[in-house]
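The structure appears right after this line, and notes come after that.
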Amino acid sequence: MKRILVTGALGQIGSELVMVLRDVYGAENVLATDVRRGDREVMESGPFELLDVMDRKRMGELAENYKVDTIIHLAALLSATAEKDPLRAWNLNMGGLLNALEVARERNAQFFTPSSIGSFGPTTPKEQTPQVTIQRPTTMYGINKVAGELLCDYYYLKYGVDTRGLRFPGLISYKTSPGGGTTDYAVEIYEGAVRKGEYISYIAKGTFMDMMYMSDAIKAVITLMEADGKRLKHRNAYNVTAMSVDPESIAAEIRKWIPEFRLSYQVDPIRQAIAESWPNSMDVTAAMEEWGFKAEYDLSRMTEEMIKKLKEKFFSPMAK
Ligand code: VAH
């Protein structure tokens with residue numbers, strides 16, 4: 001990776017990934033793009049351009065102007081939003097991906113896009129979900145992710161595009177709140193604990209899902225993209241996770257720092273149904289063996305850092 005174009009750069013992953021990429025590869029070598037303006041730190045710490053990923057011509061022009069050799073395609077509608085407008089989700093998630101793959105093919109650029117635990121469905125083994133298994137998701141987002149995995153493999157096999165991907169679990173971060181996901185509760189619970197000492201969860205007690213701290217997700221993207229391509233057997237896309245948790249397990253860890261924290265429930269049937277169609281825990285052996293994946297944050301370490309950083313964010317006037 002030397003000259004990188006990131007789509008969806010102002011989203012939950014992009015807003016942190018861009019900053020790390022700029023540290024590692026040089027700010028001028030990381031072009032951040034998004035369909036809207038937003039986080040000033042991302043827009044002002046290096047090149048930023050407005051880009052609607054449905055505009056392939058514009059994407060190609062930007063890639064040419066910035067001599068891009070790597071595309072990290074993050075722009076997509078997440079699971080809950082996609083269920084509210086499935087046709088828009090299909091058009092954006094698949095149309096945007098195809099445009100990014102075509103630009104990568106034209107430039108022989110390396111390519112990354114995330115898949116998700118959402119790419120699995122009710123008939124997928126729920127515990128220690130294998131790297132290669134049944135993928136019959138029942139959500140539009142999941143259908144987009146499975147189709148996206150297959151499309152990325154196709155561009156590798158047919159055109160030689162160096163495509164790589166990760167099946168992300170729910171990602172937990174303090175900088176940019178996620179938008180429209182099913183796992184967003186696992187971010188909101190920390191914000192609720194720090195700001196109000198309470199949280200009303202829309203996901204039911206005992207609903208286990210894979211989760212990972214954002215810094216582990218970012219490290220996984222860079223490690224995968226820098227890995228020797230000859231070692232990669234699975235490419236699109238690797239199971240990666242750090243923990244399998246439910247609202248109660250997160251709450252118990254929060255109470256070690258905020259003893260009075262109160263958790264209650266108001267289950268959202270739509271997002272609960274999505275969560276129940278996903279695995280409880282994934283097997284990450286392939287990622288560990290083929291490119292050395294290793295998560296550094298468990299629930300305890302992540303909770304300590306989330307609470308510390310959120311207190312700074314909400315209560316320290318000097319906080320960015
Ligand atoms: C979502 N955060 O909830 C995303 C992610 C594994 C979940 O794909 O839709």
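The analysis underlying the following values was restricted to heavy atoms, covering all of them including side chains, and did not include hydrogens, waters or symmetry mates. Remember, it's 1-based here, ligands and their atoms both numbered in the order they're listed. Just so you know, these numbers come straight off a predicted model, no measurement behind them.
Within a 6.0 Å sphere centred on NZ of Lys175, other residues, nucleotides and ligands contribute more than 12 heavy atoms. Atom CE of Met54 has more than 12 neighbouring heavy atoms from other residues, nucleotides or ligands inside a 6.0 Å radius.
Arg164 meets the side chain to side chain donor-acceptor pair (under 3.5 Å) test with Asp162; sequence neighbours excluded.
Residue Asn280 forms a side-chain hydrogen bond (donor to acceptor under 3.5 Å, both in side chains) with just one option from Gln128, Lys126, Glu127, and that option is Glu127.
Between Tyr159 and Tyr154, the ring planes lie perpendicular to each other; the angle is over 60°, past the 30° to 60° tilted range. Using bins of under 30°, 30° to 60° and over 60° for the plane-to-plane angle, the ring pair Tyr238/Trp291 lands in the perpendicular bin.
Near ligand 1, residues Leu78, Ser79, Ser116, Ile117, Tyr141, Phe168, Pro169, Gly170, Gly181, Thr182, Thr183, Trp278 come within 4.0 angstrom through at least one heavy atom.
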